[in-house]
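Proteins come first, then strands; the chains are lettered A, B, ... in the order of their sequence lines, and each starts at number 1.
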Amino acid sequence: MALQVYNTLTRKKEPFHRKPGEPVTMYVCGPTVYKPSHIGHMVGPVIFDTVKRYLTYLGYQVTFVVNITDVDDKLINKANETKTTVKELAERMTADYHDCLKKLNVTGIDHFPKATEHIDGMIGVINGLIDKGYAYPAEGDVYFNVTQDKDYGKLCGFDPEQLEVGSRIEVSGRKKNSGDFALWKCSKPGEPSWKSPWGEGRPGWHIECTCMAISLLGKTIDIHGGGLDLKFPHHENELAQSESFTEQPFAKIWMHNGLLKMGSGKMAGSIGNVLNVADALKHVGGEALRFFVLNTQYRSPIDLGEWDPREPGNPVIPPGLESAKKSYEGFIRLFERYERITGLKSAALQAPTKVNPERTFVEPVFAEYMTRFREHMDDDFNTGGGVGVLFEMISTLNKIGDAGKLEDPSRADAKAKAAFIEGVTLFKELGQILGLFYETSKTDQLGADDKIVNGVMQLVIELRNNLRAEAKKITEKTDPTKKMLFNQTDLIRQRLGELGITLEDRPAGTTWRVG
RNA sequence: GGCCUCGUCGCCAAGUGGUAAGGCAACGGUUUGCAAAACCGUUAUUCCCCGGUUCGAAUCCGGGCGAGGCCUCCA
């Protein structure tokens with residue numbers, strides 16, 4: 001099956017219109033940088049980063065742009081409140097945003113254009129729209145006239161007439177129609193402003209995306225993405241003004257990701273249940289957080305479960321994240337097993353990064369997994385289905401490991417070992433398409449490679465195993481010395497456990513890990 | 001009031017016409033000195049309810065109930 005993508009514009013899945021090898025342009029609406037990123041801000045970037053990863057895997061040349069809105073009302077208000085400048089606030093919050101992206105392995109974004117760096121371009125677009133009769137200046141503002149755009153409302157399926165009926169907003173004095181929206185706003189004293197043909201002012205919300213998408217990616221982009229909440233008014237308006245300006249289709253495909261929810265409620269500042277990325281990362285790894293987002297098909301809402309941080313005694317993390325963290329440990333353990341079996345670092349394991357039609361597998365089951373994973377991804381980037389395949393692979397690989405006695409060098413089956421390595425390599429290949437398997441394990445972070453840490457751990461393990469060996473020599477089960485010795489070995493294991501270190505007594509020897 | 005989603009095991013979730021993936025949790029077993037990890041087994045004859053279409057429906061249609069989103073600057 002070839003790649004199919006759901007297009008909001010046509011409300012159906014369509015065959016992807018590009019052939020592998022061709023360039024693909026992708027534009028996704030980014031954040032307004034006025035406060036630290038919360039986990040909801042990461043959903044879109046993770047999803048579209050994964051879209052790029054899969055397209056790249058298939059051989060497309062993807063250019064991915066995410067804009068930074070660094071001037072608007074929220075920024076101005078926040079800067080005033082906190083006694084700082086819009087510029088300083090925007091720079092600080094942009095740095096926070098980049099840091100969050102990095103922690104979640106969102107590495108595919110090629111350009112982060114800032115609104116304030118494209119003001120001249122926006123003025124050009126607005127001028128063009130006025131010249132063509134789509135926009136009109138009004139007392140220092142400039143508005144887009146929705147009645148001039150014959151297919152206004154096509155993205156959301158809105159009838160422009162109806163928009164006025166249920167509208168919560170009064171027609172402002174300067175607008176001709178209630179649906180008209182600002183392309184340019186005249187500024188009040190003290191606000192950031194730029195010179196324009198209509199006086200001192202600043203751009204409207206939607207115009208920056210039109211201008212930056214067109215200037216960086218061309219008049220028609222392949223994929224335009226964003227959260228479902230942006231569909232209206234932002235994307236509808238962006239679409240209207242862009243196509244009015246260029247007289248060409250703005251985006252071939254519109255993709256909208258579902259939003260985060262908490263059980264039956266929503267995450268909102270007004271409720272006080274907003275979870276910042278930085279706070280979430282104190283309790284779960286970035287990789288587990290990314291996995292959590294990808295566990296669900298992107299168009300569905302992502303459920304964090306019922307959670308109210310204001311209730312005393314409630315967990316510090318929503319149940320959905322807690323559960324994702326535990327699920328994810330299965331991935332980590334498989335790589336730990338790989339390291340025990342091969343004596344190699346899993347981080348150094350090289351897996352293919354491009355699809356290879358000639359690829360063959362010694363174990364036919366891996367070819368099946370590969371196919372099933374690809375079928376899910378081809379079906380509108382169904383990462384949730386793909387994750388399911390990954391879990392089935394873990395189970396299969398563990399069985400191969402068990403049956404082949406791979407952790408016992410004297411009895412290990414060479415054929416099984418080769419199959420295991422082949423499978424883990426595919427596992428890594430598929431996981432990397434989802435942008436997973438990038439973090440250094442907690443054990444390594446603590447310093448498993450560190451001479452002193454490792455030396456101390458080996459010493460503790462050796463001493464404990466000496467006690468275990470002594471205890472095992474005593475055959476009489478009720479012997480008090482045997483009991484005492486085992487009490488000591490268990491105490492060591494328990495106390496290390498309290499420090500976050502788990503000891504595992506395996507046939508081939510005792511290993512330790514953090515977590 | 002208008003537009004639009006969604007309702008699959010205790011929780012999360014894939015499946016959108018061919019007879020219910022997977023994860024978490026739980027329980028039993030193998031293994032282990034005991035654990036941990038892993039493995040085996042059990043846990044939805046049924047997909048909110050009621051009708052209809054069909055040889056066949058979780059999937060399509062109609063009606064109901066329930067939850068949610070958007071309706072002019074929320075990712």
Side-chain angles (χ1 to χ4, degrees), chain A residues 11 28-32 37-45 69 72-74 146 153 156-159 162-169 172 175 178-182 204-206 226-234 236-237 257-261 263-269 291-292 295-297 299-306 319-320 322-330 333-334 336-337 372 376 379 382-392 394-395 398-399 401-403 407 468 471-472 474 477 482-483 485-487 489-490 493-494 497 502-507 510-511 513:
Chain A
R11 287 169 196 75
V28 173
C29 294
T32 300
S37 297
H38 65 250
I39 52 178
H41 291 114
M42 293 295 112
V43 173
T69 302
D72 96 334
D73 290 345
K74 291 194 293 272
V146 293
C156 303
F158 284 165
D159 178 353
Q162 280 184 342
L163 271 179
E164 313 216 0
V165 179
S167 177
R168 295 194 297 214
I169 298 299
S172 112
K175 290 189 198 177
S178 74
D180 292 355
F181 54 90
W205 178 32
H206 320 296
L228 209 46
D229 54 333
L230 293 180
K231 206 169 125 185
F232 192 88
H234 183 235
E236 191 71 61
N237 291 170
N257 61 271
L259 307 178
L260 230 39
K261 65 166 191 150
S264 52
K266 65 182 278 188
M267 188 167 80
F291 162 76
F292 169 74
N295 192 216
T296 305
Q297 210 282 347
R299 280 187 286 133
S300 304
I302 305 173
D303 198 352
L304 285 157
E306 299 291 347
E322 192 60 50
S323 173
K325 181 187 173 189
K326 284 186 182 155
S327 304
Y328 198 72
E329 283 168 6
R333 298 235 170 77
L334 180 70
E336 285 173 348
R337 188 165 195 183
R372 284 176 53 212
H376 279 120
D379 181 14
N382 186 352
T383 54
V387 164
V389 173
L390 252 30
F391 278 112
E392 288 180 57
I394 293 180
S395 182
N398 276 323
K399 276 177 228 174
D402 285 5
E407 271 137 315
R468 288 176 69 215
K472 282 179 186 177
I474 302 169
K477 280 186 180 171
K482 184 186 178 85
K483 259 191 152 169
L485 288 170
F486 273 133
N487 282 345
T489 64
D490 291 346
R493 189 173 58 199
Q494 188 203 325
T502 306
L503 285 190
E504 298 181 351
D505 295 320
R506 299 172 178 282
T510 301
T511 60
R513 63 179 161 88

- Query: Counting side-chain heavy atoms from CB outward, which of B/rC24, B/rC34, B/rU72 is closest to A/S178?
  - Reply: B/rU72
- Message: Expressed as a whole number of angstroms, how long is the span from A/K231:NZ to B/rC73:P?
- Response: 18 Å
- Message: Check whether A/D505 reaches the backbone of A/T510 with its side chain - one donor and one acceptor, N or O, closer than 3.5 Å.
- Response: no
- For A/L230, which contact category applies under a 4.0 Å heavy-atom criterion: base, sugar-phosphate, or nothing? sugar-phosphate
- Message: Any base atoms under 4.0 Å from A/R11, or only sugar-phosphate, or nothing? Heavy atoms, all strands.
- Response: nothing
- Which part of the nucleic acid, if any, lies within contact of A/F391, taking any heavy atom under 4.0 Å across all strands shown: a base, the sugar-phosphate backbone alone, or nothing? sugar-phosphate
- Query: Okay, side chain of A/N382, backbone of A/G385: is any donor-acceptor separation there less than 3.5 Å?
  - Reply: yes
- Message: How many whole angstroms separate atom CG of A/N398 from atom C1' of B/rA37?
- Response: 9 Å
- Task: Report which part of the nucleic acid A/D505 touches: base, sugar-phosphate, or nothing (heavy-atom distance under 4.0 Å, all strands).
- Result: base
- Message: By the 4.0 Å heavy-atom rule, please label A/H206 as base, sugar-phosphate, or nothing.
- Response: nothing
- Using a 4.0 Å heavy-atom cut-off across all strands, classify A/G40 as base, sugar-phosphate, or nothing. base
- Using a cut-off of 4.0 Å on non-hydrogen atoms, how would the nucleic acid contact of A/L503 be classed: base, sugar-phosphate, or nothing? base
- Message: Using modelled atom types and a 3.5 Å cut-off, is there a donor and acceptor pairing between side-chain atoms of A/E236 and backbone atoms of A/G153?
- Response: yes
- Heavy atoms under 4.0 Å, any strand shown: does A/E306 hit a base, just sugar-phosphate, or nothing? nothing
- Task: Check A/V387 against A/N295 and note the closest heavy-atom contact, atom names and distance.
- Result: CG1-ND2, 3.5 Å
- Distance, rounded to the nearest Å, where A/E407 contributes CD and B/rA36 contributes C1': 13 Å
- So what does A/G227 hit on the nucleic acid, given a heavy-atom distance under 4.0 Å: a base, only sugar-phosphate, or nothing? sugar-phosphate
- Query: With sugar-phosphate meaning primed atoms plus P, OP1 and OP2, does A/D490 contact a base, only sugar-phosphate, or nothing at under 4.0 Å between heavy atoms?
  - Reply: base
- Lys/Arg-Asp/Glu bridge criterion (N-O < 4.0 Å) met for A/D490, A/R493: yes
- May I ask you to say what A/R493 touches in the nucleic acid, namely base, sugar-phosphate or nothing, with a heavy-atom cut-off under 4.0 Å? base
- Message: I'd like the P distance from B/rG1 over to B/rG51, given in whole Å.
- Response: 29 Å
- Item | Sugar-phosphate only, base, or nothing, as touched by A/S395 at under 4.0 Å among non-hydrogen atoms | sugar-phosphate
- How many Å lie between CD1 on A/I394 and P on B/rA38, as a whole number? 9 Å
- Query: Is the backbone N or O of A/I474 less than 3.5 Å from a side-chain atom of A/K482, with the two atoms forming a donor-acceptor pair by type?
  - Reply: yes
- Which residue lies more 5' along RNA chain B, comparing A/G258 with A/F292 via nearest heavy atoms: A/F292
- Message: So A/E504, base contact, sugar-phosphate only, or nothing? Heavy-atom distance under 4.0 Å.
- Response: base
- Grab the CG-P distance between A/L304 and B/rC24 for me, whole Å please. 19 Å
